[in-house]
Amino acid sequence: MKKIPVVMDVDTGTDDAIAIICALMSRNQLDIKAITAVAGNVPLSATASNTLNIVDLLGHTDIPVAKGADRPLKRELQCSVSHGATGFGDVVIPASARPFCEKDAAQMLHDIAVDCAGELIYIGTAPQTNLATALQRYPDLVGLIKKVYLMGGCLVGGNTTQASEFNAYADPEAMQIVFRSGLDVTMVGLDVTLKTAVPMWVKEAVERVETPEAQLASQVIDFCLRRNKEWGYDEANLHDVVAFCALVNPSVLTFKKYYMDVETEGTITRGMTVADFRDVCPDKEKNVWCAEDIDLGRFWRWFVDLFQTYEKK
Ligand code: RIB
Ligand code: CA
């Protein structure tokens with residue numbers, strides 16, 4: 001079966017790390033052309049090194065890792081405390097000696113998209129600064145990316161403010177550029193990802209798998225569960241893993257297409273992803289597929305199977 005060409009854009013980040021591990025275990029399905037890092041959960045220096053260290057620790061030194069934006073398009077960088085100071089919780093792994101790509105994330109994305117001749121799939125699990133930068137720098141890019149899967153936004157509510165989700169809040173202008181670009185966008189937001197707090201049976205099942213992938217994922221999950229217990233909030237939700245699942249196992253989710261835009265002028269509503277639920281804007285094309293529900297039993301079965309059945313070739 002022909003492999004799906006993919007670029008992942010991450011702000012590693014604990015849930016980004018697990019999504020990367022899942023992607024690395026899926027190379028029988030995916031041709032991972034590159035992984036690009038952006039400032040988000042923590043500064044770019046940390047998101048980039050976390051990403052490179054994970055990729056190399058698990059033996060995928062053939063996958064290029066590129067650095068992107070070190071701040072949002074127009075706003076100051078506001079990091080998250082949820083992932084710890086390093087962005088990787090209290091998990092410590094060897095530092096890779098491999099250099100980052102010389103190209104920045106936007107150029108890397110464009111050049112790969114040209115090579116893939118319109119077949120490239122993009123998964124973004126971070127503020128969308130890199131994709132927005134690439135779309136602004138390379139006007140032809142919108143016709144070269146087949147589909148975009150984003151972890152971000154939400155149909156109702158938020159996790160950073162009462163109105164917005166972290167990735168959208170961090171760089172609302174970037175998310176608005178992506179929503180208005182004409183790309184085929186699937187948004188996997190908090191509406192489904194807040195249902196994916198790791199159950200104990202999943203933690204224990206992954207812990208029993210004696211592979212580097214499972215052991216690393218277990219360390220990250222363990223940190224998230226300890227943080228949640230210590231703080232009393234901020235559950236161990238696998239937000240970014242759900243966005244990855246939307247690509248490789250979409251039947252686990254249900255989607256509906258809406259006309260959506262992003263609030264960039266508001267104060268209370270900064271970064272709110274606003275859906276036209278009642279088609280009150282008939283002149284506006286429905287531009288975003290939104291994940292509305294998730295079959296949790298199937299999601300967790302898929303997640304655990306990925307670890308239990310993976311054998312590095
Ligand atoms: O709101 C959750 C999202 O923000 C996830 O992508 C998490 O990694 C953070 O980037
Ligand atoms: Ca993320």
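Numbering of ligands and ligand atoms starts at 1, following listing order. Quantities reported herein were computed from a predicted structural model and do not represent experimental measurements.
Other residues, nucleotides and ligands contribute at most 12 non-hydrogen atoms within 6.0 Å of the NZ atom of K74. Counting heavy atoms of neighbouring residues, nucleotides and ligands inside a 6.0 Å radius, atom NZ of K195 exceeds 12 of them.
Scanning both residues, M108 and C101, for their nearest heavy atoms gives CE-SG, 3.6 Å. Shortest non-hydrogen contact noted between A113 and L144 is CB-CB, 3.8 Å.
With waters neither drawn nor counted, the protein N/O/S atoms under 3.0 Å from the Ca ion (ligand 2) amount to 5.
When heavy-atom distances to ligand 1 are checked against 4.0 Å, the residues falling inside are D11, D15, D16, N41, H83, T125, M151, N159, E165, F166, N167, H239, D240, ordered by chain and number.
Taking hydrophobic clusters as Ile, Leu, Val, Met, Phe, Trp and Tyr residues chained together by side-chain heavy-atom distances below 4.5 Å, M272 does not share a cluster with M175. Connection of L150 to V242 is not established within any shared hydrophobic cluster, with ILVMFWY side chains joined at heavy-atom distances below 4.5 Å, either directly or through further cluster members.
Applying the 4.5 Å side-chain rule to ILVMFWY residues, one finds V81, W231 in the same cluster as Y233.
Using the six-membered ring where Trp is involved, W302 and F244 have ring planes that are tilted, between 30° and 60° apart.
With sequence neighbours left out, F255 forms a ring pair (Phe, Tyr, Trp, His ring centres under 6.0 Å) with no residue at all.
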